[in-house]
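Beneath this line is the structure, given in structure tokens, with notes to follow.
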Amino acid sequence: EPEVTQTPSHQVTQMGQEVILRCVPISNHLYFYWYRQILGQKVEFLVSFYNNEISEKSEIFDDQFSVERPDGSNFTLKIRSTKLEDSAMYFCASSDWTSGRSGELFFGEGSRLTVL
Amino acid sequence: QKEVEQNSGPLSVPEGAIASLNCTYSDRGSQSFFWYRQYSGKSPELIMFIYSNGDKEDGRFTAQLNKASQYVSLLIRDSQPSDSATYLCAVRPGANSKLTFGKGITLSVRP
């Protein structure tokens with residue numbers, strides 16, 4: 001069964017360092033998302049991406065964050081200068097609207113980011 | 001601020017009982033509603049979605065939607081210990097837009 005894959009599964013970094021989290025969405029999906037979940041808190045929307053551009057972003061997604069689809073398969077989230085409060089699980093998700101399905105989001109297993 | 005609220009938990013039920021999980025949302029224009037299950041340390045996994053008022057059944061799970069009351073619920077019949085997880089309610093305001101998640105409710109099914 002097709003799935004969303006994310007790397008790395010866990011990354012530890014020093015405050016102020018740049019981090020890139022990578023995702024390979026399901027191959028025929030057109031909509032891509034990043035969410036984050038701070039330990040014990042709810043799943044929070046960061047950004048959605050369609051047709052090679054950001055379609056929506058939250059207040060959390062400030063200038064420190066960027067997304068890119070560098071090729072036909074990868075979707076990346078970059079955090080330019082990490083802060084302690086960026087420590088969280090980051091989930092990539094994709095969805096497919098074209099087949100008349102519900103547009104449910106399929107989530108990857110997540111990348112746990114720990115900022116020291 | 002569009003909010004999705006879930007009952008404070010945790011909820012504990014004996015094996016074989018019916019678990020009832022509730023969710024309210026503030027955006028009256030919301031069009032689609034989702035229930036995800038999340039095991040500890042894992043990613044959310046879709047259980048059901050519902051668009052129309054009324055009930056939708058899938059195996060042991062029934063989703064109920066009442067748009068007038070801005071209320072969506074999930075019933076789990078014949079609860080099993082493997083159902084022990086956090087259940088997330090998510091709402092989508094319109095086509096092609098993001099899902100907004102509630103905080104979740106943790107269900108524990110006692111053998």
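Naming: A, B, ... by sequence-line order, numbering from 1 per chain.
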Review point. Given that the side chain runs from C-beta out, which part of A:Phe45 has a heavy atom under 4.5 Å from chain B: side chain, backbone, both or neither?
Key: side chain
Practice item. Pick one of side chain, backbone, both or neither for B:Gln38, based on which atoms fall under 4.5 Å of a heavy atom in chain A. Key: side chain
Review point. At what distance, to the nearest 0.5 angstrom, does OG of A:Ser95 lie from CG of B:Leu99?
Key: 8.0 Å
Study note, to complete from the structure: Honestly, the part of A:Tyr50 sitting under 4.5 Å from a heavy atom of chain B is neither
Exercise for review: Measure the OG1-NZ distance between B:Thr100 and A:Lys42 for me, rounded to the nearest 0.5 Å.
Suggested key: 8.0 Å
Review point. For atom CD1 of A:Ile38, is the number of surrounding heavy atoms from other residues, nucleotides or ligands below 6.0 Å larger than 12?
Key: yes
Review point. Would a hydrophobic clustering, with Ile, Leu, Val, Met, Phe, Trp and Tyr connected at side-chain separations under 4.5 Å, put A:Ile79 with A:Tyr33?
Key: no
Point to revise | Donor-acceptor under 3.5 Å (B:Ser43 side chain, A:Gly110 main chain) | key: no
Check your understanding: Do B:Lys103 and A:Gln41 touch side chain to side chain, with heavy atoms closer than 4.5 Å?
Key -> no
Check your understanding: Does atom CG of A:Asp63 have more than 12 heavy-atom neighbours from other groups under 6.0 Å away?
Key -> no
Exercise for review: Determine whether A:Leu46 and A:Phe106 fall in the same hydrophobic cluster, where Ile, Leu, Val, Met, Phe, Trp and Tyr are linked whenever their side-chain heavy atoms lie under 4.5 Å apart.
Suggested key: no
Check your understanding: In terms of heavy-atom proximity below 4.5 Å to chain B, should A:Glu44 be classed as side chain, backbone, both, or neither?
Key -> neither
Practice item. Evaluate whether atom CG of A:Leu116 has more than 12 neighbouring non-hydrogen atoms of other residues, nucleotides or ligands under 6.0 angstrom away. Key: yes
Exercise for review: Might you confirm whether atom NZ of B:Lys56 has over 12 heavy atoms from other residues, nucleotides or ligands at distances under 6.0 Å?
Suggested key: yes
